[in-house]
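Heads up: the structure comes next, in structure tokens.
Given the structure is predicted, the values throughout are model-derived calculations rather than measurements.
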Amino acid sequence: MFFKMPVTVYSEPNCIRNHSDLICSLGTKALLVTGRHSAKKCGALQDVCDVLAAHQIPYVHFDEIEENPSVESVLKGRELGASAGVDFVIAIGGGSPLDAAKAIALLLRYPEKGREFLYELPPRHNSFPLATIPTTCGTGSEVTAYSVLTVHEKQTKVTIPHRIFPQISLVDPKYLKNAPLSLLQNTAMDALGHLLESGINSAATEFSRMFVKEGLSIWQKSKPVLLGLQEPAEEDFFNLMNASTLAGMAISHTGTSLPHGLSYCLTYDLGMAHGKAVGYFLGGYLRHASQAEQDALLSLAGFQDVADLEQFYEKTCGKDTIPTEILEKSVDALLKNTAKQKCCPYPISPEILRSIAGL
């Protein structure tokens, strides 16, 4: 077995302020990478700016990361950072800014390289120092080495081969407090996908299962909140954030499997939220696993069976009718995605993939 989780994680209230010395030790000038609005609205951006100002660390702010970030946005962020002479990166937001920041930090290390370097083999792993601050409860990107980018020429999302772990991650539950319920539902579904796909995975080990078991046990505590049955309390924000981070630690060892691979066309072609797109295929993925695996994982997550999971999905994310041609496209794309196929522990055929997709 092999275990590697090199990210220093602080999960606590006011952790940006509490660990400002560590953040500011990463370099002498920062590039802040965010989306357009959420980092500002939740207060995380201001917290970072206050800390940098207190330590007299100058910075530039790149706030043009879109949902499902593109290679083009990464290149634009690198250009701003390079022209400003930054030497470290702070990513604030959901999975999109965090994933994009990893690629930007990589390209800043290699200023002579162009976009082709992002997908060059064999990959290099050196990048500028990176701090990640999650403001949603699904991606786990704050502790993974993965960067998933939209490649418009291929009309899909593709994970770059470089593995870029952040140096530090600062997980503060207060940044969820102003999030709408729909955002909590969609991102928590992504975290659930990470946990279930890591649990049913050919690369699973006792170490990765440790994160899965604890993550699911914590995740299920917030089900009443996700169902809209009760208002979230402080403990719920902690549980949602920590379950997401544990899920990220799990997939750092196993990678994601078929539901994530199938989800990309729904996101690209239909604009469906990532977590919702992943959740669409979770029931089908579990149905083809062994009954023992199904029972163990679903019980930890607080579900009686696969049907119970699917009912939860419909109540929290809805059950859209996906056009048949999009589902066919998803299956065809996954048949070419050997990395996702390798993560599946049971035999795969076109018929099984079609079954998982609901065709």
Side-chain angles (χ1 to χ4, degrees), residues 138 140 185-205 208-223 226-227 243-244 246-248 250-251 253-267 272-320 322 327 330-331 334-335 337 339-359:
Q185 291 168 329
N186 285 325
T187 55
M189 186 59 64
D190 189 21
L192 180 61
H194 291 159
L195 291 164
L196 295 176
E197 290 176 58
S198 185
I200 301 174
N201 199 296
S202 58
T205 68
S208 65
R209 291 189 184 99
M210 172 180 67
F211 295 119
V212 170
K213 292 174 183 176
E214 186 65 17
L216 287 172
S217 297
I218 294 174
W219 184 93
Q220 63 89 18
K221 294 178 181 179
S222 298
K223 285 175 63 182
L226 298 173
L227 287 166
S244 175
L246 286 165
I251 61 169
H253 294 86
T254 63
T256 56
S257 189
L258 305 186
H260 267 72
L262 288 166
S263 75
Y264 295 154
C265 289
L266 275 61
T267 298
M272 184 179 287
H274 172 65
K276 181 177 180 177
V278 170
Y280 187 89
F281 302 104
L282 283 178
Y285 182 64
L286 264 69
R287 277 198 172 89
H288 289 276
S290 71
Q291 192 64 52
E293 286 180 312
Q294 291 182 45
D295 293 344
L297 293 173
L298 290 171
S299 176
L300 286 168
F303 297 111
Q304 296 180 358
D305 51 29
V306 174
D308 191 22
L309 166 64
E310 291 178 326
Q311 289 174 10
F312 176 85
Y313 173 81
E314 291 186 25
K315 290 177 181 178
T316 56
C317 296
K319 182 67 172 179
D320 296 6
I322 308 300
L327 294 175
S330 298
V331 171
L334 189 54
L335 286 170
N337 191 333
K340 297 299 183 196
Q341 291 182 46
K342 287 179 180 178
C343 289
C344 181
Y346 52 77
I348 300 173
S349 67
E351 292 73 28
I352 286 177
L353 293 182
R354 289 175 59 83
S355 171
I356 293 172
L359 288 168

Can you check whether [Y]'s main-chain N or O pairs, donor with acceptor, with [X]'s side chain at less than 3.5 Å?
{"X": "D190", "Y": "V278", "value": "no"}
{"X": "Y280", "Y": "A357", "value": "no"}
{"X": "S208", "Y": "A204", "value": "no"}
{"X": "T254", "Y": "A203", "value": "no"}
{"X": "W219", "Y": "A188", "value": "yes"}
{"X": "Q294", "Y": "L286", "value": "yes"}
{"X": "Q341", "Y": "L334", "value": "yes"}
{"X": "K276", "Y": "C317", "value": "yes"}

Gap between atom [atom2] of [Y] and atom [atom1] of [X] - 0.5 Å precision:
{"X": "L262", "Y": "L327", "atom1": "CG", "atom2": "CG", "answer": "8.5 Å"}
{"X": "Q185", "Y": "M189", "atom1": "CD", "atom2": "CE", "answer": "8.5 Å"}
{"X": "I200", "Y": "H288", "atom1": "CD1", "atom2": "NE2", "answer": "11.5 Å"}
{"X": "K342", "Y": "I348", "atom1": "NZ", "atom2": "CD1", "answer": "11.5 Å"}
{"X": "R354", "Y": "I356", "atom1": "CZ", "atom2": "CD1", "answer": "12.5 Å"}
{"X": "L297", "Y": "K213", "atom1": "CG", "atom2": "NZ", "answer": "9.5 Å"}

To check you understand the geometry: which heavy-atom pair defines the closest contact between [X] and [Y], and what is its length?
{"X": "H260", "Y": "S263", "answer": "O-OG, 2.7 Å"}
{"X": "G199", "Y": "V212", "answer": "N-CG2, 3.9 Å"}
{"X": "S257", "Y": "N201", "answer": "CB-ND2, 4.4 Å"}
{"X": "A191", "Y": "S244", "answer": "CB-CA, 4.0 Å"}
{"X": "P259", "Y": "E197", "answer": "CB-OE2, 3.4 Å"}
{"X": "T267", "Y": "A277", "answer": "OG1-CB, 3.8 Å"}

> So I322 and M272, side-chain contact (heavy atoms from CB on, under 4.5 Å) or not? Walk me through it.
Replying inline: CA-CA 10 Å; I322 308 300; M272 184 179 287; 3.5 Å; yes

Is there side-chain contact between [X] and [Y], with at least one heavy-atom pair below 4.5 Å?
{"X": "L192", "Y": "L309", "result": "yes"}
{"X": "V331", "Y": "L359", "result": "yes"}
{"X": "T316", "Y": "N186", "result": "no"}

> Does CD in Q304 sit with more than 12 non-hydrogen atoms of other residues, nucleotides or ligands closer than 6.0 Å?
Replying inline: no

>> Using side-chain hydrogen bond (donor to acceptor under 3.5 Å, both in side chains), reason through T205 and H253 one step at a time and then give a plain yes or no.
In response: CA-CA 8 Å; T205 68; H253 294 86; over 6 Å; no

>> Under 6.0 Å between ring centres: does that hold for Y285 and Y346?
In response: yes

>> Ring-plane angle category for H274 and H194, please: parallel below 30°, perpendicular beyond 60°, tilted otherwise.
In response: tilted

